[in-house]
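Down below is the structure, laid out as structure tokens.
Letters A, B, ... are given to chains in the order of the sequence lines, protein chains preceding strands, and every chain is numbered from 1.
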Amino acid sequence: MANLHWLANPGRFLRIAAVVLPWLAAATAVLLAVGLWLALRAPQDATQGAPAKIMYMHVPSAILSMTIFGAMAFASAIALIWRHPLADIAAKASAAIGAGFTASCLITGSLWGRPSWGTFWVWDARLTSELILFFIYLGYIAIWQAIEDPQRASRAAAIVALAGSVNLPIIHYSVVWWNTLHQPPGLMQGRTDPSMAVPLLTLMGAFFLFYVTLLLWRMEREIVGRKIRQFRLLRAQA
Amino acid sequence: MTAATFAATFEARGLTCIRGERVVFENLAFSVAPGGALLLRGANGTGKSSLLRICAGFLQPAGGELRWNAAPVAGDLDAHRARLAYVGHLDAVKPAFTVAENVAFWLKLSGAGTRAETALSALGLGHLASLPAAYLSAGQRRRLNLARLAGSAAPLWLLDEPTSSLDDASSHALLTLIEAHRAGGGMAVIATHQDLALTKAETLRIGAQ
Amino acid sequence: MNVFGAIVARDTRLALRQGGGSYWTLLFFVLTVTMFPLGVGPDLALLSRIGAGVLWVTALLAAMLSLDRMFQADFEDGSLELLSLAPLPLELTVLAKAAAHWLTTGLPVTVLAPLLALMLAVDPAAFPVLMLAMLIGTPILSLIGSIGAALTVGIRRGGVLLSLLVMPLYVPALIFGVLAVQAALDGLTPRPHLLLLGADFLVALAITPWLAAAALRLNLE
């Protein structure tokens, strides 16, 4: 906690972010390039052929979409309980990125589905869970937009994130349960070739760095945006 | 009205209120002794209502603290809520209920054993008891809301413009109620625009430089 | 408990009085179910297959559309402030209001469900399971719904936002509820689905009071 409190000062955060961001962005670009190159060179899937390479975008997107929601709920809990000023900014900044990864997961899943199922959408358990996760992200973003005062909006949004995080495992489980009883085909039927693991892990790392870079950048903008807001309020009062 | 006697002090130290990123008031202090009354005066927007809402525990002060018998109120908000009766701008009247049903519900919640009829007649609403509250005028709705006080056993009354839309006779009935409450050691903090004829009431001007 | 009961009784009576909206919710439920045969055609074989799903989705909509009743009117007329001062933790006040909401929407919907199932050509042998599932599942709708209702209470025209927040969280109740009926129709045991529905209810019961009360405190400031 001591570390968190030290970072709680938005001014200090801005100074650190300014130093770290260019390096993070460069590392993201390098890792992304390496990962994509590895993915293109990886052996083709025996049954699905080239379209199966969409997996290298689809799987990291799916994992990030859920990780970010977890991070968002964690930050929300800290914001709600300890009123930590950076935690709610981090939660808010994460939401749109998480929604983006969820959308990317849905789009790549549907593109991958076209050659393997012959249709763009099948009510596959993972895709259906992702779709509902996407709706929860949208609800979270909507409540930020609905409440003008950032202090109040942050607390309301934190409640939404916490309600979502408690229900998300249940939703995922219920969808899997529903799916096994109806049994449409899944995208990946338990084949994990070791030659796929290295590019997949590299891309996962790249996506994660991408998230951290975007997060810091968006937090920076949010802090500056709030300062501008306060200046304007002061001027309106004077 | 109530036979109970209270002996407690209610005080504020260094209260600061921030609403919507705007500082409403800063470093406010007051003290109310048993049987005391504090009138909050000030122009619109100076934070009279906000101060009452802080006193009622709806709003957290951005700085300073409230004390009840020298103990910080924030330490046990539930106990604090139990010892106050709050009358805000809104009348909390359900048009679908009768006048008696309306007041009976709030009396039941407060745990006071007062009968609805007794409370209503204190504000001259006794004859309307069985009428649906939908038929009441603004002044009558106000009196219906204030009738809760007649049955209240709470030592601290927080009243926000209680005499607005009341005629002289009703205002007088309310003042009688407040004086009886104070005579038993009760306290009242009242935000008002009018001069209320209360004996030995202190006045706190908010927003006056 | 006395105060808890008083709040449940008051909210129930308000919902049943003129303009309270409980009857409208039921009428909405019946009307919307009626739209489905008109939309998909009168084929009884098809209707009997989708019947359970139609009833559950409609029950979900009916519960959701009546959620604004839970806190909105009390917020607007100042009653919510006074309720929060009552000698009852706000967490329990939320439960009392959710209970009253269920008594005036979920329970009547459950009672009406077999009648509408009959019109959708659902096999009457599954009616006991249908009612049992709704009896366990509709309280979830009121509980989780109270979080959304508490969050949107101060937001003007928050009704659509409320649906957006609440509907994804209704997914487990919908899935387990429909699967229980489907199992009964297929001659299988509905037990596992009902147990999962019960577990979902317990989770909702455990988290709702805290989150909804926190949201109400926020809106009472």
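Both the backbone and the side chain of B:Tyr86 come within contact range of chain C, judged by heavy atoms closer than 4.5 Å. Residue contact with chain B, scored on non-hydrogen atoms closer than 4.5 Å, involves the backbone and the side chain of C:Leu83 alike. Both the backbone and the side chain of C:Ile7 come within contact range of chain B, with heavy atoms under 4.5 Å apart. Contacts between B:Leu84 and chain C at a heavy-atom distance below 4.5 Å involve the side chain alone, from C-beta outward. For a residue to count as touching a neighbouring chain, one of its non-hydrogen atoms must lie under 4.5 Å from one of that chain's; by this rule B:Asp91 touches chain C with the backbone only. In this structure, chain B has no heavy atom under 4.5 Å from any part of C:Ala9. Looking at B:Val87, there are no atoms closer than 4.5 Å to chain C (heavy atoms on both sides), in backbone or side chain.
With B:Glu179 contributing its side chain and B:Thr176 its backbone, the two residues share no donor-acceptor pair below 3.5 Å. C:Thr32 contributes no side-chain N or O that, together with a main-chain N or O of C:Phe29, makes up a donor-acceptor pair within less than 3.5 Å. A distance-only check finds a donor-acceptor pair linking the side chain of C:Arg17 to the backbone of B:Ala96 [under 3.5 Å].
Proximity of the aromatic rings of B:Phe10 and B:His80 is defined here by a centroid distance below 6.0 angstrom, and this criterion is met.
With respect to the salt-bridge test (charged N to carboxylate O, under 4.0 angstrom), the residues B:Asp160 and B:Arg53 do not qualify. Salt bridge absent: B:Glu101 and B:Lys108 never bring a charged side-chain N and a carboxylate O closer than 4.0 Å.
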